[in-house]
Structure formats: C-alpha cells, structure tokens
Amino acid sequence: MKTFLALAAACFLGIGFVAQQHVAYREPLDEMLRFKLLAHLIRQPVWLLGIAAMICGQVLSAVALDEADLGRVEPLLATNLIFALVIAHGVYKEPLSREVWLGGSLVTGGAVIFLAFGQPHGGRTTGPSSFRWLVAGAVVVVAAGLVLAALPRSLRTKAMLFAAAAGMLFGVQDALTRSSLLELGEGVPVALRSWQPYALIIIALLSLLLAQSAFDAAPIGISLPAMTAVEPIIGIILGIFVFAEHLRFTGPAIAAEVLGLLMIVAGIGVLGRSSFLDKPGPAARQGGGPG
C-alpha cells in the first residue's frame, strides 16, 4: 500500500509541475523573481489545478510517510520528474530530446540511489532557540547566492539555478513544516509563540516564486530536474544537522551515496547541453505567448 501511495504522490506532483510550467512559461520574462508573476498565475485555472495536484501529491506523500520510513518512501517520490517528463511528452507536440530523457533519468536515478542507501533514521525534536537552525539559515544564504549568480546568465542557466535555489528552499520548508507540526502538537499558543510558522510562510512564498520563475525561463526538462534532486537532499542534510538524524555510513552505503550524487551532477550537466530554444524577451512577446 505504501508503494502505491508513494507512486501516486509522485504522479500527482508530476502533473502539478507540468501544469504550473505550462502556464508560467507563457508569462513575460521581465516578471521573473517578481511577485507580479504569482499575482498573474493565481488567476489562471490551469495553474491553480497544478497547485491543487501538487498539494494532493504532498498529502499522499505524508500518508505514505506515516506508514513507512523516510528511506523507503523518498526514493519513490523522487520519480516525480519521470512522471513529469512523460506527461509533458504527451501534452506538447514536440517530442522531448534524447538528452532530456538521459539527463532526467540520471537525475532521478541518482536521487533514488542516494535516498535508498542513505536511509536517514533516528533524530530528535529541536527547539526554536537551537543553534542547529543556523544550518537552515546557511542553506537560505546559499540559495540567495545561486539567484544572484543566475541574474547575468542565459535563460537556460537561469532556469537551472533558480530551480536549484527553489529546491533548497523547499528542503528548508520541509524542515520548518516538521518543526511547526511538532510545536503545534504542544498546543496552538506554543506554536504561535514560535518563529518557525512565520518563517515557513515566508520561505513557502519565496520557494514558489523561484519555482515559477524557473518555469518561466525554460521548458520543464531543463527547469525541473535540479529542483527535484536538490529538495530531498537538502531535507536529509537538515534532518542530520537540525534534527540529529543519521545516514548509513557503511562502506557500500557511502559508495552508493557518492554514486548517486555524481549521477545527479552528470544528469544536470547533460540537461545543460541539451537542445533549447530561448523564448523571446518581453519586447518580442507583446503579441502573446508561445503556441
């Protein structure tokens, strides 16, 4: 049952990402990184359906995680990229290139191997005042650095760096969600006195803006993989440093984890070399979006 739930969650996440990218790609490029982009998207029914599908996927993944441990469910959730590529292949007229399929498979396979062999376990509750949260702050700083590095780059590079930054913030969002739920378990007043729920709202908005900006810049085969790969890895890193979880450190496990990370890097490199036609800038797009 947990396998079915996890795969269903991955499918819904894939549907959600395709729907969001389908709409965001038609927005003007000068709206990237501006909340005006979200203001326009929220009025689009297809985009709202994409958000609803993503929420359904997150709910199903939460149910799956309630029945099984993280190490068994997360690798299945990582297949949302393959679902997204298959769905995008069926929706759009042009077939996805061989490089996109190869890159997407490497990214997904690498994430699955890393998560399956890492199998985070253990851990404990971390209070709001713990210095461990500085690690989450460092992740936010690195994500901001990726955004700044992306500004003078090409659309392809912008999309991949924005997606990586979004994935990092999604990982922070996961950690803040877990902490907020733990605080809520001690009572609403306790949760409201904590900073995590308020930080969660801010990080959720920023991660959504970065994700849609990546979708605005490039097709899903280029804009999604980095996001898909980075989020669970950052989640595991924060689990180790914030919640004191443990990875498996046996010889075979370490070798597999390194292999998984190398596959992710190689897959993103392949995607970076795949064929991609830059969409026209704002001045050339006054007549409308791509058909």
> Are any non-hydrogen side-chain atoms of Leu224 and Leu85 less than 4.5 angstrom apart?
Replying inline: no

Please report, to 0.1 Å, the donor-acceptor pairs under 3.5 Å made by any side chain of residues 199-211, with sequence neighbours excluded.
from	atom 1	to	atom 2	distance (Å)
Ser207	OG	Gln173	OE1	3.1
Ser207	OG	Ile203	O	2.9
Ser207	OG	Ala204	O	2.9

> Nearest 0.5 Å, what's the CZ-CD distance between Arg26 and Gln44?
Replying inline: 10.0 Å

>> Between Ser180 and Leu176 (side chain of the first, backbone of the second, donor and acceptor by atom type, cut-off under 3.5 Å), is there such a pair?
In response: yes

>> Taking the side chain as everything from C-beta on, heavy atoms only, tell me whether Phe114 gets closer than 4.5 Å to Pro232.
In response: no

> What closest approach, in Å, do Pro225 and Leu271 show between heavy atoms, and which atom pair accounts for it?
Replying inline: CG-CD1, 3.2 Å

>> What's the separation between atom SG in Cys56 and atom CG in Leu49, rounded to the nearest 0.5 Å?
In response: 10.0 Å

> Looking at Leu169, Val242, Leu238, which hits side-chain contact (heavy atoms from CB on, under 4.5 Å) with Val139?
Replying inline: Leu238

> What are the two closest heavy atoms between Ala214 and Ala159, and how far apart are they?
Replying inline: CB-O, 3.5 Å

>> Taking Leu192's backbone N and O only, do any of them form a donor-acceptor pair with Tyr198's side chain (distance below 3.5 Å, no angle check)?
In response: yes

> With ILVMFWY side chains joined below 4.5 Å, transitively, what does Val141's cluster contain besides itself?
Replying inline: none

>> Just so I know, are the side chains of Trp47 and His22 near enough to count as touching, which here means a heavy-atom distance under 4.5 Å?
In response: no

> Are any non-hydrogen side-chain atoms of Pro252 and Phe117 less than 4.5 angstrom apart?
Replying inline: no

>> Could you work out, with side-chain hydrogen bond (donor to acceptor under 3.5 Å, both in side chains) as the rule, every residue matching Glu231, not counting sequence neighbours?
In response: none

> Is Val270 reachable from Met227 through a run of hydrophobic residues whose side-chain heavy atoms are each under 4.5 Å from the next?
Replying inline: no

>> Taking the side chain as everything from C-beta on, heavy atoms only, tell me whether Leu261 gets closer than 4.5 Å to Glu257.
In response: no

>> Testing the basics here: between Ala39 and Arg43, what is the closest heavy-atom pair and its distance to 0.1 Å?
In response: O-NH1, 3.3 Å

> Does Leu134 share a hydrophobic cluster with Val140, counting links as ILVMFWY side-chain heavy atoms below 4.5 Å and allowing steps through other members?
Replying inline: no

> Under 4.5 Å between side-chain heavy atoms, hopping through other hydrophobics if needed: is there a path connecting Ile15 to Leu13?
Replying inline: yes

>> How close do Ala163 and Ser223 get, counting heavy atoms only, and between which atoms?
In response: CB-O, 2.9 Å

>> Test of understanding: clusters of I, L, V, M, F, W, Y form through side-chain heavy atoms closer than 4.5 Å, transitively. Do Val142 and Phe241 belong to the same one?
In response: yes

>> Among Glu99, Met160, Lys158, which residue satisfies the side-chain contact (heavy atoms from CB on, under 4.5 Å) criterion with Ile222?
In response: Met160

> Within the distance-only criterion (no hydrogens, no angle test), does the side chain of Gln21 pair as donor or acceptor with the backbone N or O of Ala218 below 3.5 angstrom?
Replying inline: yes

> Residues two or more places apart in sequence or in another chain: which of them pass ring pair (Phe, Tyr, Trp, His ring centres under 6.0 Å) with His40?
Replying inline: none

>> How long is the straight-line distance from CE of Met168 back to CD1 of Ile234, given to the nearest 0.5 Å?
In response: 4.0 Å

> Taking it one step at a time, do Thr108 and Thr228 satisfy side-chain contact (heavy atoms from CB on, under 4.5 Å)?
Replying inline: CA-CA 8 Å; Thr108 302; Thr228 299; 5.5 Å; no

> What residue pairs, at least two apart or across chains, pass side chain to side chain donor-acceptor pair (under 3.5 Å) with a residue in residues 134-152?
Replying inline: none

> For Phe162, which of Leu146, Thr157, Asp216, Val147 qualifies under side-chain contact (heavy atoms from CB on, under 4.5 Å)?
Replying inline: Val147

> Do Leu33 and Leu151 come within less than 4.5 Å of each other through their side chains, counting heavy atoms only?
Replying inline: yes

> Does CZ in Phe12 sit with more than 12 non-hydrogen atoms of other residues, nucleotides or ligands closer than 6.0 Å?
Replying inline: no

>> Contact between Phe215 and Leu37 at the side-chain level, heavy atoms closer than 4.5 Å - yes or no?
In response: no

>> Show, in sequence, the C-alpha distance, side-chain angles and deciding distance for Met263 and Ile113, and conclude whether the side-chain contact (heavy atoms from CB on, under 4.5 Å) test is met.
In response: CA-CA 9 Å; Met263 288 175 63; Ile113 290 173; 3.6 Å; yes

> Is the shortest heavy-atom distance from the side chain of Met32 to the side chain of Leu155 under 4.5 Å?
Replying inline: yes

>> Tell me if the CD1 atom of Ile42 is crowded by more than 12 foreign heavy atoms within 6.0 Å.
In response: no

>> Once side-chain contact (heavy atoms from CB on, under 4.5 Å) is applied, do any residues pair with Ile240, and if so which ones, sequence neighbours excluded?
In response: Ile236, Leu247

> Which heavy atom of Leu60 sits nearest a heavy atom of Ala9, and at what distance?
Replying inline: CB-CB, 3.7 Å

> CZ/Phe83 to CZ/Phe17 distance, rounded to the nearest 0.5 angstrom?
Replying inline: 13.5 Å

> What closest approach, in Å, do Ile220 and Ala84 show between heavy atoms, and which atom pair accounts for it?
Replying inline: CD1-CB, 4.2 Å

>> If hydrophobic clusters are built from ILVMFWY residues whose side chains come within less than 4.5 Å, do Leu106 and Leu262 share one?
In response: no

